[in-house]
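This chain uses plain numbering: 1 for the first residue, then up along the sequence. Only this structure's heavy atoms are used, side chains among them; waters, hydrogens and symmetry mates stay out.
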Amino acid sequence: MTGTVYLVGSGPGDPELLTVKAKRLIEEADVVLHDKLPGPEIIESIPEGKREDVGKRAGGERTGQAEINERLAELAREGQRVVRLKGGDPFVFGRGGEERRYLRERGIPVEVVPGITSAIAAPAVFGIPVTHRDHASSVSFVTGHEDPTKGESAVDWGALAATGGTIVVLMGVGKLPEYTRALREAGMDPETPVALVERGTWPDGRAVVGTLETIVSVRDDEGIEPPAVTVIGGVAGLYGEGEK
């Protein structure tokens, strides 16, 4: 009997933000392949004997996607119940679509379990709504870490600058200078508020704010590191509003 692979979103990291289904499947799994983004409390709650770290770090150690795909298929063919645990939602820049396709092409049953995306949750816990009637009627989610084999970026920063809505960039700490410059060159006001939310919902989570002109210096001065979400637009200026 071929086992089933569950592509499970762990949410932004707070274990209380796991869905009921995600928690049940993690407990029932024979093996859990996790990346680096589920919160440390979630990872540590999984018995060491049934968890495998297949995470990736920008510029550091990594498990190749092809190796992950092959490992998922191998475990399923052994008849095991496999949870592929991802940060946030598996279909929001989580390569869940690639893994699902790979497994389905090989006749392996796959079920997707959505999770709360950090693109919304991380800013929210710091009082930053991605939409607001006074500031933004649309929101765009963008990856700050595209496939390095691409000849050129697929992100049209000029079009995003013209939308007038909120821009949320995931995995964009390293490329912050490039895309903030692209947005300014496309005509976005340099005084547009920008927030960086590091480890949102984690015990050590924090947020810093600046403008499109200053946020790179803020990042460097404050030592912001991945994982972090970048929020660009008027809503970012709401951080700290009303607080003493």
Side-chain angles (χ1 to χ4, degrees), residues 11-14 37 57-59 87-89 92-93 116-148 150 152-244:
D14 182 342
L37 294 178
R57 290 193 182 280
D89 182 276
V92 180
F93 303 128
I116 300 172
T117 175
S118 60
I120 295 172
V125 298
F126 286 96
I128 303 172
V130 294
T131 65
H132 189 290
R133 287 194 300 173
D134 295 335
H135 297 282
S137 297
S138 66
V139 57
S140 301
F141 299 126
V142 185
T143 176
H145 186 70
E146 294 186 88
D147 185 341
K150 288 182 179 179
E152 60 184 51
S153 174
V155 178
D156 188 340
W157 294 104
L160 289 170
T163 63
T166 303
I167 302 171
V168 179
V169 185
L170 289 87
M171 303 171 290
V173 175
K175 296 292 183 67
L176 185 66
E178 286 90 334
Y179 62 79
T180 52
R181 181 174 60 249
L183 289 169
R184 294 196 308 270
E185 290 175 350
M188 183 173 279
D189 186 348
E191 295 302 311
T192 301
V194 181
L196 291 172
V197 182
E198 179 184 335
R199 302 178 189 273
T201 81
W202 295 28
D204 57 349
R206 58 177 176 152
V208 298
V209 293
T211 67
L212 206 59
E213 185 72 49
T214 66
I215 194 62
V216 174
S217 295
V218 172
R219 177 201 67 178
D220 296 342
D221 292 343
E222 297 294 335
I224 298 296
E225 297 181 349
V229 172
T230 309
V231 184
I232 303 169
V235 295
L238 299 177
Y239 173 61
E241 184 182 58
E243 297 180 7
K244 297 180 179 180

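Annotation for M171 and F93: closest pair CE-CB, 3.7 Å, computed over non-hydrogen atoms. T201 approaches A121 most closely through the heavy-atom pair CG2-O, 4.3 Å. What you find for W157 and A186 is that their closest heavy atoms are O-CB, 4.3 Å. A pairwise comparison of heavy atoms in V130 and A119 identifies CG1-O, 3.7 Å as the closest pair. Of all heavy-atom pairs between I128 and V235, the closest is CG2-O, 3.6 Å. In terms of heavy-atom proximity, A122 sits nearest to G200 at CB-CA, 3.9 Å.
T180 places a side-chain heavy atom less than 4.5 Å from the side chain of I215. When side chains are defined from C-beta on, P193 does not count as touching V209, because their heavy atoms never get closer than 4.5 Å.
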Report task. Show your reasoning for whether side-chain hydrogen bond (donor to acceptor under 3.5 Å, both in side chains) applies to T211 and T214. Result -> CA-CA 5 Å; T211 67; T214 66; 3.2 Å; yes

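Between atom CD1 of residue I232 and atom OG1 of residue T192 there is a gap of 8.5 Å, rounded to the nearest 0.5 Å. Separating the CZ atom in R181 from the NZ atom in K175 is a distance of 11.5 Å, to the nearest 0.5 Å. With rounding to the nearest 0.5 angstrom, the NE2 atom of H135 is 4.5 Å from the CG atom of L238. We find the CG-CZ distance between D14 and R199 to be 14.5 Å, quoted to the nearest 0.5 Å.
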Just distance, no hydrogens or angles: give the donor-acceptor pairs under 3.5 Å from side chains in residues 219-231, sequence neighbours left out.
from	atom 1	to	atom 2	distance (Å)
R219	NH1	V173	O	2.8
T230	OG1	Y179	OH	2.9

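Listed for the R184 side chain is a donor-acceptor partner under 3.5 Å among the backbone atoms of L212.
The side chain to side chain contact (heavy atoms under 4.5 Å, CB included) search around V92 returns D89, T117, not counting sequence neighbours.
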